[in-house]
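Remember, it's a predicted structure, so these values are computed and weren't measured experimentally. For ligands, and for the atoms within them, numbers begin at 1 and follow the listed sequence.
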Amino acid sequence: MTYKNEFQTSIEKPEIFWEQKAKDITWFTFPEKILSKNENGFYRWFEGGKLNTSYLCLDYHVENGRAEQIALIYDSPVTNTIQKFTYQELKNKVALFAGLLASKGVTKGDTVIIYMPMIPEAVIAMLACARLGAIHSVVFGGFAAHELAIRIDDAKPKLILSASCGIEFDRVIPYKPLIDAALMEAEFEPDFHIVLQRPMKLAELESEKEIDWNQALLSVEPHSYVPVDAHDPLYLLYTSGTTGKPKGIIRDNGGHAVAMKYSLTSVYDTHAGEVFWAASDIGWAVGHSYIVYAPLISGCTTILFEGKPIRTPDAGTFWRIIEQHRVKTFFTAPTAIRAIKKEDSEGKLFANYDLSSLKYLFLAGERCDPSTYEWVKDLLQVPVIDHWWQTESGSPMLANMAGLGLKTVKPGSSSTPVPGYDIQIMGEDGQILDTHQEGYVVIKLPLGPGCLPSLWKDDERFQKSYLSRFEGYYLTGDGGYKDEENYFYIMGRVDDVINVSGHRLSTGEMEEIVAADPAVAECAVVGIADKLRGQRPVALVVLKDGKDISQAEIEKQLIQSVRDKIGAVAYFKSAILVKRLPKTRSGKILRKIIRNIADGVHFEIPSTIDDPKILDEIREVLRENKIGSEFDDG
Ligand code: COA
Ligand code: AMP
C-alpha cells in the first residue's frame, strides 16, 4: 500500500479501512460495528469488540514464540542500573502485581492513580491495571501535590501507587511527602497507598492503608487477564486545558490497541523483534503510547530511560543507549536535542559511539525549528522526522510515514496527514482556508480510533472544548497553514496552552495562581519564546492600590506559589510589575501582543486597543527586566 492509497481509503471508506487494521490485533470477540455513535452523538470505534490490552502486550507474545525475547530494558544512568525483562518475565511480574491489586479490591472499571518515576514497576503497574480492566491514571512525577490532589478528586482512585522517591539528575526527590500533602488537600480518599521502597530514600509507612509494594507481593497469587469491551477505558490522562482544571482525556481499549499497532508499523516503520526507544516520561501521552503500549503490542523491545539528555552523565548519553541496546527507532522532543547541541555542538561525544543500528529519529511535542533539524540531521545522517500529535489523539496525526515510504522532508513542516485524519485549516467564520493561509487547525469528524472518545465524566466540556466551535470538526487548539502538497505547518497554540521543554502547561492556570496572591490586582501570563525550552512563561503583574511590595519580593513570592501549586516543571521564573496591562476597549487583555513584543515579532496594533501608548510601556519594562528574544542566549 502506498501512502496515497492508504490515506484515500481511510477518508473515503473509514469503516473498511479500520476494519482491516483491526484484524491486525487479536480480539476475544471481533467488533460487530466498526464505527457508530453513542447516545450523545459522539463517534465510537469497534462496538461489540472484546479484548484485553495487557494480553496483547504480554500473553499474546509469550504464546506466540516471543517468551524469551527482551520486552523491556530499564536503563537508569542516575542509579547506574541496566535491567532487562523478557516477555515471559514481564508477564509474570504483571500478573503477580495484578493479583495484589485484586487483593486490595480493584476490579474492572475502578480507577488507580500511578505517581511514579521512570522505573519498571511503573510500567508493571500500568499493565497490571489493564490486565484487570481497571483504569490507570498516571500523574507526571514533576507535578506538585496540588496537581495530584486535583487529579485524585477528579479520578476518585481506589488506590494510589507510588515509589518512595524520584531522581532528578543527582537530586533525590521524596514522593511520600508530596502524596501526603495531596491526600490532605483532596476531598476524596483512596482505600490504599502502595509504595515501592527505593533504597536512596525510604518512605515511612504510617498506617495500615500504606502498604509496602514488595512485602505485599509475597502473599498474593498471579491474576489472569479480564476481557473488556472495546469502549471500556484503558486509561485517563490529565492534560492542561485553558483553566486550572486539567482535562481528563479518556483512552478506550479497542481503538487504542488498533491505533498503536497501526502507527508503529506505518508511521515508525518498526516491527516485532526490533528496538524502539521513546525518551519521554510515562507521565505524558508519548510515554503511554510509545514507551509502553505500541512497542509491546507490536512485540518490540522498548527502553525505559531514567535520566536526561545531558548531565546523566553527559550529552552523549542518548548515543550511548542507542549503541548499547541497538535502537532502530528513536523518538524524543526537539528541546532534548537543543540541550545536547548546546553542550556538544560539534558532536565530539557523539563521535565516540557506533550508531549503525539507528534508522530514524522522530521528533514531537513542540515545533521543531529548522536549525535544530539541520544540526541533528547532519549529525546522525538518518531521516529526522518531525511529526505532530496531542495527548488527545494518542498517536500522530501529521507525519512523514516511514512505513509507507518516506516523502521529501520540508523543514518546519510536520508533513502530511496520517491516514484517518482529514485535517483542514479553518478561518474565524468556519470557511476552509486555501493554501498558505493561516488559521485554526481542525479535523473533520470522525477522529481516528485511539483518539479521545470524551473527557472523564464530562461530556459537556468535551463538546464545548473541542466540538462546538466548528460544527462537524474537532478543534485541535493549534494554528497553522498548509501548502500545495498538503504539507502542514503547525505554528503554535491559539489558546492559553504553552509548551515548555515539551511539557504542556496552562498559562490560564498560572494566571489563576498569580491572581490569587493578595497583593495582585490583575495579571497576564504569556508563553514567550525560549531558545532551549521552546517557550517559557512570563507574568505581567499589576499590584493592588496601596500595596507596597518590591518587584523582587513579589516575584519571589509568585515563583514559589507556582512551584508549590504546579511544580518546578512549569519553569516559572519571571513576574514583572507593570502599571497596567494592554487591553481592548471592552477590557480583554491582549496577551498575544505582549508575547509578540517579547518575541520581537511584527504585529498590527488592533483598532480595538484601549490606549496604544501602553505598548511602549510594556516594551520598556520587558527590556529593563531583560526579558525577550534579544536577551535569550539559549
Ligand atoms: N520530577 C521532579 N521534578 C522534575 C521532573 C520530575 N519528573 N521533571 C522536571 N523536574 C524539575 C526539574 O528538576 C527542574 O527543577 P529546578 O527548577 O528545581 O531545577 C524543573 O522541573 C524544570 O525542569 P526542566 O524544564 O526539565 O529543566 P532542566 O534544566 O531540569 O532540564 C532539559 C532541561 C532540556 C534537559 C529537560 O527539560 C529535558 O530533558 N527535556 C526533554 C523533555 C522531553 O523529552 N519531553 C517530551 C515530553 S513528550
Ligand atoms: P501534548 O498534548 O502534551 O502532546 O501537546 C500537544 C501540543 O504540542 C500540540 O497541540 C502542539 O501545540 C504541540 N506539538 C506537538 N507536536 C508538535 C509538532 N511536531 N510541531 C508543532 N507543535 C507540536
For atom 9 (C) of ligand 1, is there a protein heavy atom at a distance under 4.0 Å? yes
Would you say atom 46 (C) of ligand 1 makes contact with the protein, given that contact here means a non-hydrogen protein atom less than 4.0 Å away? yes
Atom 5 (C) of ligand 1: nearest protein contact (heavy atom, Å): E168 OE2, 3.2 Å
If I apply the N/O under 3.5 Å rule, does Y571 come out as touching ligand 1? no
Does atom 30 (O) of ligand 1 have a protein heavy-atom neighbour under 4.0 Å away? yes
Validate the cation-pi geometry between R151 and F143: distance from NZ or CZ to the six-membered ring centre under 6.0 Å, angle to the ring axis within 45°. yes
Is it true that the NZ or CZ of R311 lies under 6.0 Å from the centre of F169's six-membered ring and within 45 degrees of the ring axis? yes
Side chain, backbone, both or neither: which applies to R563 and ligand 1 if a contact is any heavy-atom pair less than 4.0 Å apart? side chain
Among side-chain atoms of W388 and D478, is any donor-acceptor pair under 3.5 angstrom? yes
Identify, for atom 39 (O) of ligand 1, the protein heavy atom at the shortest distance, and state residue, atom and that distance. P309 CD, 3.0 Å
Could you name the option among V494, L398, D495, D478 that has the heavy atom nearest to atom 10 (O) of ligand 2? D478
For a quick check under 3.5 Å, do E428 and Y440 share a side-chain donor-acceptor pair by atom type? yes
Can an N or O of W284 be found at a distance shorter than 3.5 Å from an N or O of ligand 1? no
Which of the numbered atoms in ligand 2 are under 4.0 angstrom from any heavy atom belonging to D386? 18 (C), 19 (N)
Need the ligand 1 atom indices (1-based, order shown) with element for anything under 4.0 Å from a heavy-atom of V286. 48 (S)
Give a yes or no on whether a salt bridge exists between E512 and K245, defined as a side-chain N under 4.0 angstrom from a carboxylate O. no
Contacting atoms of ligand 1, where contact means under 4.0 angstrom from a heavy atom of I173: 2 (C), 3 (N)
I need the atoms of ligand 2 closer than 4.0 Å to a non-hydrogen atom of I490, numbered in the order shown. 21 (C), 22 (N)
Which of the atoms of ligand 1 are close to K573, meaning less than 4.0 Å from one of its heavy atoms? 17 (O)
May I ask you to check if ligand 2 and T476 share an N or O to N or O distance below 3.5 Å? no
Heavy-atom nearest option to atom 15 (O) of ligand 1, drawn from A315, A570, G534, A568: A568
Check A279 against ligand 1 and report side chain, backbone, both or neither, counting heavy atoms closer than 4.0 Å. backbone
Testing the 3.5 Å rule here: is there a donor-acceptor pair between the side chains of Y262 and S395? no
No-hydrogen, no-angle side-chain donor-acceptor test under 3.5 Å, H387 and S415: no
Determine whether the side chains of E392 and Y466 contain a donor N or O and an acceptor N or O closer than 3.5 Å. yes
So, F330 versus F362, ring centres under 6.0 angstrom or not? no
To atom 41 (C) of ligand 1, the nearest of L532, T335, I559 on a heavy-atom basis is T335
Go through ligand 2 atom by atom and flag the ones less than 4.0 Å from a non-hydrogen atom of Q390. 2 (O), 4 (O), 6 (C), 10 (O)
With backbone taken as N, CA, C and O and side chain as the heavy atoms from C-beta onward, which portion of R338 lies under 4.0 Å from ligand 1: side chain, backbone, both, or neither? neither
Given that the side chain starts at C-beta and the backbone is N, CA, C, O, which of these parts of V500 lies under 4.0 Å from ligand 1, counting heavy atoms, or is it both or neither? neither
R533 N/O under 3.5 Å from ligand 1 N/O: yes
Evaluate the side chain to side chain contact (heavy atoms under 4.5 Å, CB included) criterion for residues E366 and R533: first the C-alpha distance (whole Å), next the side-chain angles of each, then the deciding distance (0.1 Å), finally the verdict. CA-CA 10 Å; E366 55 178 321; R533 294 183 164 77; over 6 Å; no
Counting both backbone and side chain atoms, is some N or O of F140 under 3.5 Å from an N or O of ligand 1? no
Closest heavy-atom pair, P117 versus C165, reported as atoms and distance to 0.1 Å, is CG-O, 3.4 Å
Does any donor atom in the side chain of Y373 or D386 lie under 3.5 Å from an acceptor atom in the other side chain? no
